[in-house]
Engineer: 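What follows is a structure written as structure tokens; I'll ask about it next.
Throughout, numbering of the chain's residues begins at 1 and tracks the sequence. Side chains included, hydrogens not; waters and symmetry mates left out as well; all remaining heavy atoms used. Note that ligands are numbered from 1 as they come in the structure, with each ligand's atoms numbered from 1 the same way.
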Amino acid sequence: MAYFESVSKISYEGNNSTNPYAFKWYNPDEVVAGKTMAEHFKFSMAYWHTLTAGGSDPFGVNTAVRAWDHLNGLDLAKARVEAAFELMDKLNLPYFAFHDVDIAPEGSSLKEFYANLDTIVDLIEEQMKATGKKLLWNTANMFTNPRYMHGAATTCNADVYAHAAAQIKKGLEIGKRLGGENYVFWGGREGYETLLNTDMQLEQDNLARMFQMAIDYAREIGFEAQFLIEPKPKEPTKHQYDFDAATTIAFLQKYGLDKHFKLNLEANHATLAGHTFNHELRVARMNGMLGSLDANQGDMLIGWDTDEFPVDIYDATLTMYEVLQNGGLGKGGVNFDAKVRRASFEPEDLFLAHIAGMDTYAKGLKVAAKLIEDRVFEDFIDKRYSSFKEGIGQEIVAGKATLASLAEYALNNDTPRKNESGRQEWLKATLNQYILAE
Ligand code: XUL
Ligand code: CO
């Protein structure tokens, strides 16, 4: 059965096309910076936004109209699997990502949840074999069920901690079975609301213990996925421990876990933390921790995580600039952790939204590749820091300078070299020129 009858397979028609159901920039076969676009982008569908969610918000119920709305329980879960693979096929999306609760009903016990997951994972495995679609990552949802009100790996309740471990264990087994290339930890409730009732030290130690147990179990079962932590500063919890890239890296280093993890960075999480997305990517890249992307965007005027499909070419360009400078994302990919707006309730909107996101990233890639080819920023930056390539600057960089040697240099150097302009406005205008020309 077809769940999206009104939409046929989407193909590339070029940027003069007026067909809404066509790619204008995403051409999987086009070679950019030595690789095809299909190789650059392991585009992934987020199961939770596209199949499971229905447009509800704190003020209103679901609005989405879907061909599986009349179903319930396992029948509903099975229909969603079929719909997911139809959508991925029509959109030429090679990958998908899911939480355990997205794909199967929890039932009334952990045993029942495991059994439901087994039933649905059988079906997903079958579909993967038939279509060649791949699992970018899976994860355990340890934030929706009321049992996680105090957190999961950072809860005050040891029995809840054990339940979280049981979910992660199953998640790793599912990832192994489906050949998942990554496994994600996002700690939506791993944080605190008030320090008046919180043992922060114990909570963070327990979080690190949970990560270590996950590493050990993955090794035990031979699951070789890249482990990823997805930072987010707040929402749903007021203060989340994986606040941003820098905080997460410091946490991993403190507990000796950094060798086992990279980061899954999300654009709207970056802006919630008061950073740009490319700041977060740069911090991760500098530390060899850039793992994968959750592609979306927030709204300039709204203070929460709106998870909109990415359409901002400026941001996509700077994002792909970091990705290219990183030599790609390795096992990672570009997962659309994005949802259609509540009023975009028709099934067709799911396609139009993904096309918008894929085209935006494709355009961003092309501009970023050209900027790097022309060394626009590199040459400027090289020149800006050129004083560190010779003389006293070279000594500083080589670690040979001391406060005394620098003071002596400063005392003897009556005419220090002049500062030069940072040329910020010119650089931004040049970036605009590349975006408009490419
Ligand atoms: C929440 C979020 C999650 C993670 C996976 O903001 O981004 O969906 O991507 O748990
Ligand atoms: Co995300």
Side-chain angles (χ1 to χ4, degrees), residues 42-54 56-58 95-103 106 135-145 148 151-154 164 167-168 170-172 174-175 180-191 207 210-211 214 225-245 248 261-273 275 277 280-281 284 290-299 302-310 319 329 332-340 353-354 357 361:
K42 289 159 68 177
F43 281 131
S44 156
M45 176 203 73
Y47 209 100
W48 53 103
H49 285 311
T50 293
L51 279 308
T52 315
S56 64
D57 69 13
Y95 283 85
F96 62 109
F98 63 82
H99 304 82
D100 46 7
V101 307
D102 305 333
I103 61 164
E106 286 187 80
L135 179 60
L136 186 66
W137 51 262
N138 63 312
T139 183
N141 174 325
M142 306 190 301
F143 45 90
T144 301
N145 192 293
Y148 294 120
T154 61
Q167 263 186 269
I168 295 172
K170 187 71 176 170
L172 295 173
I174 291 171
E181 296 182 22
N182 304 270
Y183 186 87
V184 163
F185 296 86
W186 170 65
R189 305 223 183 251
E190 312 295 26
L207 180 58
M210 187 70 91
F211 287 144
Q226 170 69 58
F227 274 16
L228 299 170
I229 294 189
E230 185 176 324
K232 186 177 183 182
K234 58 189 168 191
E235 202 197 322
T237 302
K238 183 178 83 175
H239 179 95
Q240 283 163 209
Y241 294 136
D242 301 329
F243 191 94
D244 60 2
T248 306
F261 284 89
K262 287 192 174 175
L263 302 181
N264 180 39
L265 295 171
E266 177 164 328
N268 206 164
H269 296 181
T271 47
L272 277 180
H275 303 308
F277 195 26
E280 287 291 84
L281 266 68
L290 180 50
S292 198
L293 305 185
D294 266 11
N296 63 16
Q297 67 183 48
D299 185 291
I302 297 180
W304 62 88
D305 193 16
T306 59
D307 282 344
E308 297 175 29
F309 273 84
T319 299
L329 290 168
V334 177
N335 174 52
F336 289 110
D337 191 352
K339 60 186 174 203
V340 289
H354 280 90
Y361 264 69

Engineer: Taking side chain as C-beta onward, heavy atoms only, is Phe98 less than 4.5 Å from Leu135?
Structural biologist: yes
Engineer: Return the name of the atom in Asp294, of element N, O or S, nearest to the Co ion (ligand 2).
Structural biologist: OD2
Engineer: Measure the shortest side-chain to side-chain distance between Glu308 and Asp299 over non-hydrogen atoms and say whether it is less than 4.5 angstrom.
Structural biologist: yes
Engineer: Which atom name would you report as the N, O or S atom of Asp337 nearest the Co ion (ligand 2)?
Structural biologist: OD2
Engineer: Need the atom name: nearest N/O/S atom of Glu230 to the Co ion (ligand 2).
Structural biologist: OE2
Engineer: Using a 3.5 Å cut-off on N/O to N/O, what pairs does ligand 1 make with the protein? A line per pair would be great.
Structural biologist:
unit_1: ligand 1; atom_1: 6 (O); unit_2: Lys232; atom_2: NZ; d: 2.9
unit_1: ligand 1; atom_1: 6 (O); unit_2: His269; atom_2: NE2; d: 2.8
unit_1: ligand 1; atom_1: 6 (O); unit_2: Asp305; atom_2: OD2; d: 3.1
unit_1: ligand 1; atom_1: 7 (O); unit_2: Glu230; atom_2: OE2; d: 2.7
unit_1: ligand 1; atom_1: 7 (O); unit_2: Glu266; atom_2: OE1; d: 2.8
unit_1: ligand 1; atom_1: 7 (O); unit_2: His269; atom_2: NE2; d: 3.3
unit_1: ligand 1; atom_1: 7 (O); unit_2: Asp337; atom_2: OD2; d: 2.7
unit_1: ligand 1; atom_1: 8 (O); unit_2: Trp48; atom_2: NE1; d: 3.4
unit_1: ligand 1; atom_1: 8 (O); unit_2: Asp337; atom_2: OD2; d: 3.4
unit_1: ligand 1; atom_1: 9 (O); unit_2: Glu230; atom_2: OE1; d: 2.8
unit_1: ligand 1; atom_1: 9 (O); unit_2: Glu230; atom_2: OE2; d: 2.8
unit_1: ligand 1; atom_1: 9 (O); unit_2: Asp294; atom_2: OD2; d: 3.0
unit_1: ligand 1; atom_1: 9 (O); unit_2: Asp337; atom_2: OD2; d: 2.9
unit_1: ligand 1; atom_1: 10 (O); unit_2: His99; atom_2: NE2; d: 2.6

Engineer: Do Leu265 and Leu281 have side-chain heavy atoms sitting under 4.5 Å apart?
Structural biologist: yes
Engineer: Between Asn182 and Phe227, does a side-chain contact (heavy atoms from CB on, under 4.5 Å) hold up when you go through it step by step?
Structural biologist: CA-CA 6 Å; Asn182 304 270; Phe227 274 16; over 6 Å; no
Engineer: Does some side-chain heavy atom of Phe43 sit less than 4.5 Å from a side-chain heavy atom of Tyr361?
Structural biologist: yes
Engineer: Is a donor from one side chain sitting under 3.5 angstrom from an acceptor on the other, for Asn296 and Asp337?
Structural biologist: no
Engineer: Taking ring pair (Phe, Tyr, Trp, His ring centres under 6.0 Å) as the criterion, tell me which of Tyr47, Tyr183, Trp48, Trp186 meets it with His99.
Structural biologist: Trp48
Engineer: In Glu266, which N, O or S atom comes closest to the Co ion (ligand 2)?
Structural biologist: OE1
Engineer: Would you kindly say whether Asp294 and Asn264 are connected by a side-chain donor-acceptor distance under 3.5 Å?
Structural biologist: yes
